[in-house]
Amino acid sequence: NVKATFGASDDLQIYHDGFNNYVDGVSGAVFVRGSRVDLRGANNELILVGNQNGALTSYYDNSPKLATTATGIDVTGTVTADAANIDGTLTIASTYPRINLTDTNSNPDWSIINANGILNFYDSTNAVNPLTINSTGIDVTGSVLADGLTVDKQGTGGASGSININ
């Protein structure tokens with residue numbers, strides 16, 4: 001195998017070891033410059049594309065998956081993480097945004113769903129919706145355990161109702 005070396009002390013080396021190809025910067029940094037730099041696989045599929053003053057995009061099977069933006073990152077697909085720490089506002093935008101809370105034991109798993117402006121707390125293990133919050137108030141299916149209860153009728157209109165305490 002032949003090794004091409006450059007620099008006063010052979011600081012840059014390009015070689016093949018019989019199995020793999022190498023570009024080694026033995027000392028200092030190795031710079032690849034261009035207004036756009038592509039890293040491609042042997043089949044010419046994109047792996048990584050860097051644009052001067054623009055996005056750095058990572059590809060999986062020639063499809064963009066992670067890109068930097070002027071305000072952060074853009075992910076195409078699903079994010080799997082061991083933990084997340086968000087400093088600021090988390091926005092989930094969808095027709096029916098949903099947060100799934102799944103544990104690894106036999107306790108109920110929950111979902112928080114915003115469906116047409118109605119916030120539902122859904123027990124997905126037992127397929128029940130015990131708590132709903134909407135523009136008129138709170139709807140509880142099942143029992144409520146509370147340290148106290150204050151009922152305050154405000155406004156006019158002759159509304160009536162009853163409270164049953166068992």
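All values reported here derive from a predicted model rather than from experimental measurement.
Legend: residues meeting side-chain contact (heavy atoms from CB on, under 4.5 Å) with Ser63, ordered by chain and number and at least two apart, are Lys65.
The backbone N or O of Glu45 lies less than 3.5 Å from a partner atom in the side chain of Asn43, making a donor-acceptor pair. Asp109 places no side-chain N or O within 3.5 Å of a backbone atom of Asp123 that could act as its donor or acceptor partner.
Closest heavy-atom contact between Ile138 and Leu131: CG2-CD1, 3.3 Å. Summarising the geometry of Tyr122 relative to Ala127, their closest heavy-atom pair is OH-CA, 3.2 Å, with the distance given to 0.1 Å. Pairing each heavy atom of Gly117 with each of Asn114, the nearest pair is N-OD1, 3.3 Å. The heavy-atom pair separating Asn116 from Tyr96 by the smallest distance is ND2-OH, 3.6 Å. Residues Thr69 and Asp74 come closest through the heavy atom pair CG2-CB, 3.9 Å. Summarising the geometry of Leu48 relative to Tyr59, their closest heavy-atom pair is N-CD1, 4.3 Å, with the distance given to 0.1 Å.
Side-chain contact check for Leu12 versus Asp24: every heavy-atom pair is 4.5 Å or farther apart. For the pair Ile92 and Ile99, the minimum side-chain heavy-atom distance is below 4.5 Å.
The distance from the CD1 atom of Ile118 to the CD1 atom of Ile113 is 11.5 Å, given to the nearest 0.5 Å. Interatomic distance, Thr68 OG1 to Leu66 CG, rounded to the nearest 0.5 Å: 8.0 Å. Within the model, atoms CG of Asn129 and OG1 of Thr141 stand 6.5 Å from one another, a figure rounded to the nearest 0.5 Å. Rounding to the nearest 0.5 Å gives a distance of 12.5 Å between OH of Tyr60 and CD1 of Ile47.
Side-chain atoms of Asn100 and Thr102 form no donor-acceptor pair, as typed in the model, at a separation below 3.5 Å. Looking only at atom types and distance, the side chain of Asn21 has no donor-acceptor partner in the side chain of Tyr15 under 3.5 Å away.
One hydrophobic cluster, built from ILVMFWY side chains closer than 4.5 Å, holds both Leu119 and Leu101. Tracing side-chain contacts under 4.5 Å through hydrophobic residues (I, L, V, M, F, W, Y), one reaches Val140 starting from Ile112; they form part of the same cluster. Placement of Phe6 and Val32 in two distinct hydrophobic clusters is found when ILVMFWY residues are connected by side-chain heavy-atom separations under 4.5 Å, directly or transitively. No single ILVMFWY cluster, assembled from side-chain heavy atoms under 4.5 Å apart, contains both Val26 and Val23.
Pairs engaging residues 33-43 under the salt bridge (charged side-chain N to carboxylate O under 4.0 Å, His left out) rule: Arg36-Asp38, Asp38-Arg40 [sequence neighbours left out].
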- Could you give me the CA-CA distance, side-chain angles and deciding distance for Val49 and Leu56, then say whether side-chain contact (heavy atoms from CB on, under 4.5 Å) is met? CA-CA 6 Å; Val49 174; Leu56 174 66; over 6 Å; no

- Criterion side-chain hydrogen bond (donor to acceptor under 3.5 Å, both in side chains) on Asn120 and Thr132, from CA distance to verdict: CA-CA 5 Å; Asn120 295 294; Thr132 299; 3.0 Å; yes

- Checking side-chain contact (heavy atoms from CB on, under 4.5 Å) for the pair Tyr22/Ile14: CA distance, chi angles, key distance, verdict? CA-CA 6 Å; Tyr22 297 89; Ile14 301 174; over 6 Å; no

